[in-house]
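Quick caveat, the model's predicted, so the values are computed rather than measured.
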Amino acid sequence: VIAFFSIFLISFSSLLFFLPEKFGYIINRLITFFDPTQGDKFQSSSALEAIKLGGLTGQGMGEGILKESVPEAHTDYIIAIISEEYGSIISILIIFLLLFVACDDAAEEVCKEPENGKIVNYSSKGVLPADYINSLKPSLGVPDSFSAKYDVKVYSVDYETTDPDGNAVIASGAVYYPIGLDEPLSLVSGQLGLTIKRSEVASLIPVYGYLGLFGASIGYAGIQPDYLGLGNSTFPYYPVYQKSNGKVLLDMVEGVQAFSCENDIELNENLFVIGYSNGGYNSIAMHDELSKNPRTFDIDASVIIAGYFDLERDDNFSIPQRLVRPSWAIYHPYVINRTYNLNIIDKIIREPYVNMLDDLFDGEKEALVIDNTLTTYTHQLFTPEYLNEYSTLSIFDSYKNAIKENSLLDTKLSGDILLIHSMEDEIVPYSQSENFYASVIASGTKAELVLLEKGKHNIQDYVGAVVDALDWLKKYE
């Protein structure tokens, strides 16, 4: 700033010195301003006479007689002409109008452009009434204790972020705002479980973003990221179980903070995250990214439901003889092999299935369709080497290193955390939450672990936990 004003003063002084005949009048006006007895004050005197003649109500349109005497009346001196013909009252109203416009522009300038996650495109997805949200409760298994209070305005947004290699790409998601709540809103980022089909996302189908939707209906501002490679993302696939997802999700938070400001939606400083299943991993990845690359905000509290899930195998690990969702079981190695260019997928998946993977995971097919193409028998899907010699064969070293690199077990968390897991979960063993809880407690972070006696790995069985999570976060408001 000092350098700017120094350059300005030098340039201004040079113009006065080298071109006095062109710019010397500026000095004369300054002298007259500070000492009215000196210099030429004809213009200002004529303007003052016009204002006096107009009085409060003015002479009437076109009735001014001094406007021909005011030099340069087309410049800022036009206020004198307005005062003469329309009166000082109208002039004062015009001045206040200009001040209002100036203050409004200043308010807009307060909304700083985000360093990351700039929203490049958005569209309104309409309003979901509270009555409609409540009507979803029976089909989703939402307990009667939950009641949507507010209609929810939904936006679909595309924002700038980076892929696992740091290249600029576009990702998308949905944003949910409660209508009629006149107070600053806490922001909740909700991360869903594993999604394989590109179009099965909240930005395209808002009710898919149930974490953001339910949160907004009781007074939060909700974010529901689609994840990189899904929705309108320009990346070709979803890099599941990779730390880089943390930056993608934080970029959306930062973009939505600016988007909210630009749309006159006031947020407070609270940021909460809720993650279900694979979304639990992504929520912890947000913490990992924040611990390494701090931003202007922190995560104040987190809830992880039916995950965190770590792909590293312990000594007692064994793959079940039959798989409930074979598509989920093979998607992880398929994506890791693709992201890291390991070229070992044929050492993990057997023929003929290994030759189908690019077609099956093209983003156009849902998990159930892929399941029906695959076999549920583990020994028919995976190679004998992967099943029986994974820990000893060196061909799997690069794969294991990639998994280890993306482990978040020792992540430094920001804020307290609640872990909820069913002991009947047939996809993600509850021991995963026990292990992560032990790690968090050992690090000195405050954590709670709730083990449910009933519930399979589906959102209907865990939706009560989502309601509990939203209630639990209220104490951090």
Pair D358-Y334, side chain to side chain donor-acceptor pair (under 3.5 Å): steps then yes or no: CA-CA 9 Å; D358 289 339; Y334 170 77; 2.8 Å; yes
Trace of the side-chain contact (heavy atoms from CB on, under 4.5 Å) decision for I223 with L187: CA-CA 7 Å; I223 292 177; L187 190 60; 3.8 Å; yes
Verdict with reasoning, R295 to N293, per side-chain contact (heavy atoms from CB on, under 4.5 Å): CA-CA 7 Å; R295 305 206 183 192; N293 299 294; 5.9 Å; no
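Side-chain N/O atoms of S124 and K153 include a donor and acceptor closer than 3.5 Å. Using a 3.5 Å distance cut-off with no hydrogens or angles, the side chains of T161 and D251 do pair a donor with an acceptor. Side-chain contact check for Y238 and N278: at least one donor-acceptor pair (N or O, by modelled atom type) lies under 3.5 Å. In summary, the side chains of S186 and Y476 do not present any donor paired with an acceptor at a separation below 3.5 Å, with no hydrogens or angles considered.
A donor-acceptor contact shorter than 3.5 Å links the side chain of T378 to the backbone of P320. A donor-acceptor pair under 3.5 Å is absent between the side-chain atoms of D288 and the main chain of K243, judged by distance alone. Looking only at distances, no side-chain donor or acceptor of D416 sits under 3.5 Å from a matching main-chain atom of A447. A donor-acceptor pair is defined here as one N or O able to donate and one able to accept, closer than 3.5 Å; no such pair exists between the side chain of Q191 and the backbone of S283. Judged by distance alone, the side chain of D461 and the main-chain N or O of H457 form no donor-acceptor pair under 3.5 Å. Listed for the H287 side chain is no donor-acceptor partner under 3.5 Å among the backbone atoms of I299. Under a 3.5 Å cut-off, the side chain of N245 and the backbone N or O of V240 do not form any donor-acceptor pair.
Between F146 and F214, the two ring planes are tilted [angle within 30° to 60°]. Ring geometry for Y399 versus Y390: interplanar angle over 60°, hence perpendicular rather than tilted (30 to 60°). Ring planes of Y220 and F272: perpendicular class, angle over 60° (limits at 30 and 60°). Using cut-offs of 30° and 60° for the angle between ring planes, the Y308 and Y281 rings count as parallel.
Cation-pi check for K365 over F361 is not met; the charged atom does not lie both under 6.0 angstrom from the ring centroid and within 45 degrees of its normal. The side-chain tip of R313 points at the ring of Y386 from less than 6.0 angstrom away and within 45° of straight on. Judged by a 6.0 Å distance limit and a 45° cone about the ring axis, R350 is not positioned over the six-membered ring of F382.
Here the closest heavy-atom approach between residue G455 and residue S422 is recorded as O-OG, 2.6 Å. Y227 approaches L192 most closely through the heavy-atom pair OH-O, 2.5 Å. Nearest heavy atoms, A148 versus I133: CB-CG2, 3.8 Å. The nearest pair of heavy atoms linking I170 to S233 is O-OG, 2.8 Å. Shortest non-hydrogen contact noted between G231 and V201 is CA-CG2, 3.7 Å. Pairing each heavy atom of N270 with each of D300, the nearest pair is CA-OD2, 3.3 Å.
Between K454 and E424 there is a salt bridge, since at least one side-chain N of the basic residue sits less than 4.0 Å from a carboxylate O of the acidic one.
Atom NZ of K404 has 12 or fewer heavy atoms from other residues, nucleotides or ligands within 6.0 Å. Other residues, nucleotides and ligands contribute only 12 or fewer heavy atoms inside 6.0 Å of the NZ atom of K118. Around CD of Q460, the count of heavy atoms belonging to other residues, nucleotides or ligands within 6.0 Å exceeds 12.
A heavy-atom distance below 4.5 Å is found between the side chains of L470 and I274. With contacts defined as side-chain heavy-atom distances shorter than 4.5 Å, the pair P326/T375 does not qualify. Side-chain atoms of V248 and F235, non-hydrogen and from C-beta on, never get closer than 4.5 Å to each other.
Considering L228, T339, I403, N282 in turn, T339 is the only one that fulfils the side chain to side chain contact (heavy atoms under 4.5 Å, CB included) rule with Q242.
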